[in-house]
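Small disclaimer: the values here were computed from a predicted structure and weren't measured.
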Amino acid sequence: MDFNQFIYKKETFGEISNVDEFNIAFGIDANFVPPMGIMLTSILLNNPECNLHVHVFLNSILSEDIGKLKSLASQYNNIQVDMYHVDADIFKNFYVGKGYTVATYHRILIAKILYPAVSKLLYIDADTLCVGKIFELRKLSFDNEMIMAVPDRGEWLPQHKKELGISAEQIYFNAGVLYIDLAKWNEFELSEKMIQLLSERNLSFQDQDALNLLAGNQIKPISVRFNQFLLMKKVNEKLPDDTVFIHFAGQVKPWQPWCDNPQRTIYDEYRNKSLWRKFDYHPRDYQENRLMGKAERRRGNFLTALKWYYKYVKDKLLRN
């Protein structure tokens with residue numbers, strides 16, 4: 001399969017020397033461009049000594065966000081942004097559910113498109129922040145593995161492993177932060193195998209499940225500091241001092257207006273320093289209308305809560 005045929009346009013903003021550059025990739029759609037921009041700002045602020053080569057794979061973007069990415073590349077002299085516009089039809093038969101879009105599958109393309117020009121790559125979800133030094137990843141050795149990742153955790157995990165058909169002893173990895181040896185990925189033909197598996201089977205965590213099923217024994221566990229969960233449903237979780245990447249895992253995100261977790265101030269700090277400081281998220285479906293209603297009720301804004309509950313019921317009825 002010629003994966004390049006699914007990239008119909010490429011744009012480049014900024015220019016850096018390829019000497020000692022650090023390659024980072026995102027797979028997103030228009031909804032996650034602002035969080036990605038805030039994430040990039042956090043990397044730039046904490047890693048001014050790093051030449052950052054960013055590869056953005058997306059199937060939609062607003063014109064105003066294109067302008068902001070151009071401005072970001074002009075504002076900092078150590079970042080280059082390559083934007084790859086993806087023809088989403090390659091994944092049209094794949095499962096898409098709540099919290100997941102076609103863009104979830106873009107990481108399958110990344111290793112094929114960027115190799116051999118790029119040999120090592122950090123893939124990272126857009127619902128993250130950088131609060132440390134990314135070059136610390138380079139101090140780690142892949143040994144014989146193709147991917148470095150952080151083991152997932154949670155009470156749900158034993159049952160999920162059982163449902164997938166993997167042993168209780170096998171480590172299950174979170175795919176939100178992946179440091180990848182692209183040569184080994186392509187030698188193993190992992191992209192092709194993932195497409196085959198995902199076209200045949202609906203998996204709860206989609207490409208993350210596929211990675212664990214196909215390459216679980218070739219993934220090297222690394223410290224949680226490189227993918228430190230900060231769940232917005234929990235209050236007063238302690239963030240370790242040596243954290244490099246914060247991952248706002250879970251359904252509640254710090255940019256959503258119904259998020260009342262006081263630790264969202266960590267996110268707000270970087271948002272206010274970014275070109276996306278005015279990013280204003282609005283509910284996008286009937287379920288999010290309900291979350292807004294619950295949040296306004298918690299805040300004592302009962303009239304506003306009723307308005308959101310009314311919108312929730314109305315949109316749900318229209319959907320059905």
Check [options] against [X] for a side chain to side chain contact (heavy atoms under 4.5 Å, CB included) and give me the one that passes.
X      : options                : result
Val131 : Thr243, Asp241, Asp242 : Thr243
Leu190 : Ile180, Leu182, Leu211 : Leu211
Thr41  : Ile43, Leu44, Leu45    : Leu45

Test your reading of the model: is there a side-chain donor-acceptor pair from [X] to the backbone of [Y], 3.5 Å cut-off?
X      : Y      : answer
Arg277 : Ser274 : yes
Asn78  : Cys50  : yes
Gln218 : Met146 : no
Lys133 : Asn46  : yes
Asn47  : Gly132 : yes
Lys278 : Leu275 : no

Closer than 4.0 angstrom, basic N to acidic O: yes or no for [X] and [Y]?
X      : Y      : value
Lys161 : Asp152 : no
Arg107 : Asp125 : yes
Lys70  : Glu11  : no

Steps toward side-chain contact (heavy atoms from CB on, under 4.5 Å) verdict (Glu136, Ile222): CA-CA 11 Å; Glu136 292 192 32; Ile222 57 176; over 6 Å; no

How long is the gap from [atom1] on [X] to [atom2] on [Y], to the nearest 0.5 Å?
X      : Y      : atom1 : atom2 : result
Cys130 : Ile38  : SG    : CD1   : 14.5 Å
Ile28  : Met39  : CD1   : CE    : 12.0 Å
Ser17  : Gln80  : OG    : CD    : 10.0 Å
Thr304 : Tyr309 : OG1   : OH    : 12.0 Å

Trp258 with Leu306, same ILVMFWY side-chain cluster at under 4.5 Å: no

Candidate pair Asp260 and Lys294, rule salt bridge (charged side-chain N to carboxylate O under 4.0 Å, His left out), full reasoning: CA-CA 11 Å; Asp260 291 328; Lys294 290 176 66 176; over 6 Å; no

Decide yes or no for [X] and [Y]: does some side-chain heavy atom of the first lie under 4.5 Å from some side-chain heavy atom of the second?
X      : Y      : answer
Phe13  : Ser74  : no
Leu213 : Ile166 : yes
Val150 : Asn174 : no
Thr128 : Ile246 : no
Leu231 : Asn261 : no
Lys193 : Phe188 : yes
Tyr281 : Pro34  : no

Ring centers of Trp185, Tyr123 separated by less than 6.0 Å: no

Does atom [atom1] of [X] have more than 12 heavy-atom neighbours, drawn from other residues, nucleotides or ligands, at distances under 6.0 Å?
X      : atom1 : answer
Glu15  : CD    : no
Arg290 : CZ    : no
Glu187 : CD    : no
Tyr310 : OH    : no

Tyr172-Asp209 side chain donor-acceptor pair, cut-off 3.5 Å: yes

Any side-chain donor near an acceptor of the partner, Trp255 and Asp127, under 3.5 Å: no

Set of side chain to side chain donor-acceptor pair (under 3.5 Å) partners for Glu21, sequence neighbours left out: Asn23, His53

Plane angle bin for Phe22 and Tyr179 - parallel if under 30°, tilted between 30 and 60°, otherwise perpendicular: parallel

